[in-house]
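Okay, so here's the structure we're looking at.
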Amino acid sequence: MARLYERHTKRKVVSLDGMWKFRIDPERRGIREKWFENFPIDSMDVVVPSCWNNELGLYDYEGCGWYYTTFRNTGNHMNLLFHAVTGQAEVYVDGIHMGGHYGGFTGFNFVLRDLVPGEHTLVVLVDNTHNDTDTIPLARVDWFHYGGITRSVELMELPEIWIQKHRVEYTLSEDLKTATLGFDIHLEAFSAKAAAGELRILLNDRVVARHALKEGALAANVKLGGIPVRDIKLWDIGKPNLYTVTIEIDGDDSVERIGFRRIEAKNQKILLNGREIFIKGVNRHEDHPDWGFAIPLKLMKRDMDIIKEMGCNAIRGSHYPNSELFLDLCDQEGMLFWEEIPMWQYFDKHFKNPVVVDRGLKMLEEMVERDYHRPSIIIWSVHNEVDSNEPSCFDMTKLFVEKVRSLDSSRLLTYASYKDINDICFSLVDIVCLNKYLGWYHDQMEDWGEFIGKVSAKLENEGLSHLPMVISEFGAAGLYGDVTFEGPKWTENYQENYLNYTLNLFLNHPRLAGTYIWQYCDIRTAKEMEMGRARSFNNKGIVNEYRKPKMAYWTVKKFYSSID
Ligand code: ADA
């Protein structure tokens with residue numbers, strides 16, 4: 001399953017999820033031996049989507065892997081859509097290279113035109129290698145580089161004229177009672193003979209606009225605006241009022257879900273629909289010992305239920321664009337979301353590397369274009385714990401921020417900083433987000449008050465005192481089941497005591513607009529980090545990797561449930 005609602009009612013959509021053939025390629029022989037034409041017979045049967053690291057014997061494998069399946073096409077033109085393939089993907093249909101895609105957490109597609117009816121082969125090379133020079137993410141990260149076709153694959157039959165992409169925008173009246181809709185729609189035709197007809201826009205199945213299409217155009221851009229929607233029901237935390245927008249032409253349609261809401265940063269506060277909110281957040285990786293990144297819907301729902309039960313109103317998708325299924329859940333359950341690209345702990349040499357900068361820009365573009373319509377997403381973040389005290393970082397961050405703002409000016413923009421009083425990039429963003437582990441890696445938890453004061457004074461001195469401050473990461477490890485009278489570091493007691501102290505300080509601190517606890521669940525870490533991580537896991541989860549609660553769960557619930 002790719003999404004929680006039907007995005008096309010007129011297209012025939014076939015899921016290619018299921019059993020595929022798979023073979024690892026550690027020596028990278030597949031290209032020269034043309035596996036895309038003759039797939040090796042000594043391959044194994046795997047489920048797509050999944051991570052190959054969850055196959056027996058491949059727990060640690062990072063490298064290249066090849067997938068093979070067949071499909072039958074019913075129509076002349078098909079859209080082949082991958083929702084995520086880790087690292088670099090190369091796609092072959094009937095032995096012909098369709099193209100590739102870089103980036104493991106956003107989708108990509110190929111339009112297969114004039115396909116002869118019958119059976120076709122589909123072969124995918126997945127290169128999940130990372131380095132310390134120019135991949136995003138780098139090899140050294142604090143999560144595991146699971147490999148594979150980790151999210152769904154779909155095949156859609158395309159009519160002669162089809163809706164290639166669309167953007168639904170809206171403005172809200174000051175009293176938040178009326179929305180004005182705007183549309184930017186791109187149509188493609190496979191032949192000039194294709195009949196055009198009429199384009200219609202429906203809001204909750206009611207036609208709100210019509211537009212006559214010109215005959216004979218091979219491509220068309222339709223811009224419509226000024227369409228009023230009165231007495232709107234706002235989307236809000238725990239009140240997920242969603243509207244269905246259908247863009248329809250004679251042979252095709254595209255369905256989008258939107259929510260009317262306004263997010264602002266003003267006078268050190270974050271406002272949702274004109275109301276000051278305190279972000280009660282948690283950092284969540286998409287990780288589980290049995291599924292890796294390829295988490296099934298039921299587990300996503302369980303995570304959402306536990307996070308809501310804990311009193312959270314926000315989730316940070318640390319540290320990459322999440323599954324669209326999980327984001328659909330956030331939209332329909334009224335959960336705020338922070339989305340980012342996996343630029344984790346980069347430094348000067350990377351900021352000056354055009355490959356890194358270009359890849360980062362492309363990932364930001366794909367993330368915003370993919371998830372623009374989601375009411376749950378209130379924050380876009382451009383990197384995590386990079387050397388933002390470097391002038392070269394300021395230059396790169398400026399490019400990244402300009403790219404995101406050019407695609408979407410309606411959301412808050414930030415990055416997660418661990419340079420705090422030495423950071424030189426805060427002027428570029430809407431909110432200041434700080435990752436700090438006082439009382440875990442260094443210093444004492446009692447140093448937090450002074451730390452917040454120092455950063456606040458820095459912002460004051462730089463004329464940035466209007467920016468809200470959020471603690472975007474804080475926490476301590478607690479090994480599940482390790483409970484002692486003394487409660488030293490690594491015990492559940494220490495973690496519980498740590499979160500008790502910090503949440504009590506943060507939730508009552510006038511200068512803070514929110515907190516994201518590190519982290520929701522224990523996760524597997526990369527081999528580059530394992531010597532600093534008991535069990536080769538990051539153990540700062542409030543629940544363990546099997547979602548079993550630690551002592552800290554009830555402390556978080558006490559604090560997060562005590563305020564709105
Ligand atoms: C950093 C990083 C997280 C995690 C955390 C930790 O803040 O952003 O991904 O590694 O530290 O557990 O130390």
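Throughout, numbering of the chain's residues begins at 1 and tracks the sequence.
Side chains of L412 and I263 form a contact here, defined as non-hydrogen atoms less than 4.5 Å apart. Counting heavy atoms from C-beta outward, V455 and L434 have side chains that approach closer than 4.5 Å. A 4.5 Å side-chain heavy-atom check between H130 and L138 finds every atom pair outside the cut-off. N128 has its side chain out of reach of Q88: every pair of non-hydrogen atoms, C-beta onward, lies at least 4.5 Å apart. In this structure, M335 and M304 have side chains that are in contact, with non-hydrogen atoms separated by less than 4.5 Å. Side-chain contact between D348 and D387 is absent, with no heavy-atom pair separated by less than 4.5 Å. For the pair L297 and M1, the minimum side-chain heavy-atom distance is below 4.5 Å. Here the side chains of Y320 and P137 are not in contact, with every heavy-atom distance at 4.5 Å or above.
Between the side chains of H383 and T397, at least one donor N or O sits under 3.5 Å from an acceptor N or O. A side-chain donor from one of S388 and D423 sits under 3.5 Å from a side-chain acceptor of the other. Checking D482 against T491 by side-chain atom types alone, no donor-acceptor pair falls below 3.5 Å. N435 and E473 share a side-chain donor-acceptor pair at under 3.5 Å. E154 and H83 share a side-chain donor-acceptor pair at under 3.5 Å. D303 and Y520 are linked by a side-chain donor-acceptor pair at a separation below 3.5 angstrom, with hydrogens and angles left out of the test.
Salt-bridge annotation for D420 and K454: absent, with no side-chain N of the basic residue lying under 4.0 Å from a carboxylate O of the acidic one. Using a 4.0 Å cut-off between a side-chain N of Lys or Arg and a carboxylate O of Asp or Glu, K21 and D45 qualify as a salt bridge. Looking at K436 and E385, no side-chain N of the basic residue comes within less than 4.0 Å of a carboxylate O on the acidic one, giving no salt bridge. Under a 4.0 Å N-O distance rule, the pair R524/D60 qualifies as a salt bridge. The existence of a salt bridge linking K280 and D564 is excluded, since no basic side-chain nitrogen approaches an acidic carboxylate oxygen closer than 4.0 Å. By the 4.0 Å N-to-carboxylate-O rule, E492 lies too far from K550 to be salt-bridged with it. Ion pairing of D408 with R411 is present here, as a side-chain N (NZ or NE/NH1/NH2) and a carboxylate O approach within less than 4.0 Å. In this structure, E276 does not pair ionically with K266, as no charged nitrogen and carboxylate oxygen lie closer than 4.0 Å.
Note that CE of M367 is 5.5 Å distant from CH2 of W380, once rounded to the nearest 0.5 Å. Here C64 contributes atom SG and D25 contributes atom CG; the two are 5.5 Å apart, rounded to the nearest 0.5 Å.
Outside the 6.0 Å centre-distance limit, the rings of W440 and W518 are not counted as a close aromatic pair. Aromatic pair F144/F293: ring centres not closer than 6.0 Å.
Y437 carries K540 over the face of its six-membered ring, with the cationic atom under 6.0 Å from the centre and within 45° of the normal. In this structure, R316 is positioned above the aromatic face of W338, its NZ or CZ under 6.0 Å from the six-membered ring centre and within 45° of the axis. By the 6.0 Å and 45° rule, R359 stacks over the aromatic ring of Y102. Note that R533 lies outside the cation-pi zone of F537, set by a 6.0 Å cut-off to the ring centre and a 45° limit from the axis.
Q268 pairs by the side chain to side chain contact (heavy atoms under 4.5 Å, CB included) definition with S465, R511, not counting sequence neighbours. The salt bridge (charged side-chain N to carboxylate O under 4.0 Å, His left out) test applied to E256 returns no partner, not counting sequence neighbours. Applying the salt bridge (charged side-chain N to carboxylate O under 4.0 Å, His left out) criterion to R261, with sequence neighbours excluded, gives no partner residue. A search for salt bridge (charged side-chain N to carboxylate O under 4.0 Å, His left out) contacts involving E339 returns R370, not counting sequence neighbours. With sequence neighbours left out, F22 forms a ring-ring contact (aromatic ring centres under 6.0 Å, His included) with W52, Y67.
Within a 6.0 Å sphere centred on NZ of K239, other residues, nucleotides and ligands contribute 12 heavy atoms or fewer. Residue-environment remark: CE (M19) exceeds the threshold of 12 foreign heavy atoms within 6.0 Å. K489 NZ: more than 12 foreign heavy atoms inside a 6.0 Å radius.
Nearest approach of L327 to R374, heavy atoms of both residues: C-NH1, 3.2 Å. Closest approach of E496 and T555 over heavy atoms only: OE2-OG1, 2.5 Å. Taking all atoms of both residues into account, the shortest heavy-atom contact from E286 to P321 is OE1-O, 4.3 Å. Here the shortest heavy-atom pairing between I471 and L512 reads CG1-CD1, 3.9 Å.
Counting only residues at least two apart or in different chains, ring-ring contact (aromatic ring centres under 6.0 Å, His included) contacts with residues 545-564 comprise H288-Y546.
The aromatic rings of F108 and F82 lie parallel to each other, with less than 30° between the two planes, well short of the 60° mark.
For the side-chain contact (heavy atoms from CB on, under 4.5 Å) with Q519, the qualifying choice from D522, I523, I517 is I523, the only one to do so.
When atom types are taken as modelled, the side chain of H285 and the backbone of S318 share a donor-acceptor pair closer than 3.5 angstrom.
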